[in-house]
Structures are given as C-alpha cells and as structure tokens.
Amino acid sequence: MEIEFILRILCAAVLGGLIGLEREYRAKEAGFRTHFLVALGSALFMVISAHGFGDVMSTDNPNIRLDVSRIAAQVVSGIGFIGAGTIIFHKSENVVRGLTTAAGVWVVAAIGLACGAGMYVVAVASTVMVLLGLEAFNYFLRRFDKHRKDK
C-alpha cells in the first residue's frame, strides 16, 4: 500500500511541476518549485487524511467520528495565504499582478489533493486543461497585440 501512496505523491509532484515549469518559463511570481511543493504537499495531506488514522477508525467506539475531508478543506483555505503572497498591487501603474499565478497555485493544490485521493485521470485531465488554458490565453494575447500594433 505504501508504494501506492508514493505513486500518488509522485504523480502530484510531476503534474504540479509541469504547471510550475510553464509559470517559470513565463517568469511569473511562483514557478516550478512552488507549484511542485504545493502539489506534493497537498497529495501528502490527502494521503495522511484518508489513510493515516486507520487505527483510530477501526475502533468500535460510536463516539468517534472521523471526516477525511477536513484536512483537505484546510489545505484549500491554507493555500490562500500562499496565493495571496503572489498577488501584488502596483500603485504607480494602478494594476494588480499575480492573480493568475495565485489561481495556478490554488488549482495545483486541488490537483495534488486529487492525486492523493488516487484520482489520477481527473488530476491529469485537470493539468492538461490548466496548461491549455494558460497557453491558449498567451496565444490570444499575442494575436491581439499583433493586431493592435498593426493598426
């Protein structure tokens, strides 16, 4: 069973790393290491949440009720602090930067949780959708800028 847990964490790290590479390539606020660690940590928290308390769950005490989703919920709220650190308001330019990176860190945490839960297909599909969304956005921005410069 421990090999399966390691595979879950490894899958999360790879998928988070892929998204992090795209962010690193674009020289964004959070890159490979941040996305890699967030996905890996989220998967680890999910594995611990779902399987780390088996000895407590097997008790016959009716007063003990465990909810494996509680740790996952705390990952979601806790990741907001990391995401908030990537958001910067530039007063001189009157612009906010880092929102996409913050959203990327947030979705990488979800991908990590999915891997930790053993939902590999959902995690891979989500990673592909994130990468397509980020790349499609850049493609359309380049096209838009090209048309704007031509005018």
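We number each residue from 1, following the sequence as shown.
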Undergrad: Apply side-chain contact (heavy atoms from CB on, under 4.5 Å) to Tyr139 and list each qualifying residue two or more places apart in sequence or on a separate chain.
TA: Arg142, Arg143
Undergrad: Just wondering, are more than 12 heavy atoms of other shown residues or ligands nearer than 6.0 Å to CD1 in Ile3?
TA: no
Undergrad: Is it possible for you to say whether Leu99 and Phe137 belong to one hydrophobic cluster, with membership spreading through side-chain heavy-atom contacts below 4.5 Å?
TA: no
Undergrad: According to side chain to side chain donor-acceptor pair (under 3.5 Å), who are the partners of Glu93, at least two apart in sequence or on a separate chain?
TA: Arg97
Undergrad: Check the hydrophobic clustering (I, L, V, M, F, W, Y; side-chain heavy atoms under 4.5 Å; chains of links allowed) and say if Ile6 and Val47 are grouped together.
TA: no
Undergrad: Run Val38 and Trp106 through side-chain contact (heavy atoms from CB on, under 4.5 Å) and show every step you take.
TA: CA-CA 9 Å; Val38 166; Trp106 180 70; over 6 Å; no
Undergrad: Using 0.5 Å steps for rounding, measure from the CG atom of Leu44 to the CG atom of Leu37.
TA: 11.5 Å
Undergrad: With a 3.5 Å cut-off and sequence neighbours excluded, list the donor-acceptor pairs that the side chains of residues 9-26 form with protein atoms.
TA:
residue, atom, partner, partner atom, Å
Glu22, OE2, Arg26, NE, 3.1
Arg23, NH1, Thr101, OG1, 3.3
Glu24, OE1, Phe32, N, 2.8
Arg26, NH2, Glu135, OE1, 2.9
Arg26, NH2, Glu135, OE2, 3.0

Undergrad: What is the distance from atom OG of Ser49 to atom CG of Leu113, rounded to the nearest 0.5 Å?
TA: 9.0 Å
Undergrad: Do Ile111 and Met129 sit in one hydrophobic cluster, given that two such residues count as connected whenever their side-chain heavy atoms are within less than 4.5 Å of each other, even indirectly?
TA: no
Undergrad: Going through the distances and angles, do Val108 and Val130 end up as a side-chain contact (heavy atoms from CB on, under 4.5 Å)?
TA: CA-CA 9 Å; Val108 162; Val130 168; over 6 Å; no
Undergrad: Hey, what do you get for CG (Leu40) to NE2 (His35), rounding to the nearest 0.5 Å?
TA: 14.0 Å
Undergrad: What is the minimum heavy-atom distance between Val105 and Ala30, and which atoms define it?
TA: CG2-CB, 4.2 Å
Undergrad: Which residues end up grouped with Ile88 if you chain together Ile, Leu, Val, Met, Phe, Trp and Tyr wherever their side-chain heavy atoms are less than 4.5 Å apart?
TA: none
Undergrad: Using ring-ring contact (aromatic ring centres under 6.0 Å, His included) as the criterion, list what pairs up with Phe5, not counting sequence neighbours.
TA: His51
Undergrad: If you measure from OG1 on Thr86 to CD1 on Ile82, what distance do you get to the nearest 0.5 Å?
TA: 9.5 Å
Undergrad: Using distance only, find each side-chain donor-acceptor pair of residues 118-125 under 3.5 Å and give its atom names and separation, not counting sequence neighbours.
TA:
residue, atom, partner, partner atom, Å
Tyr120, OH, Glu4, OE2, 2.8

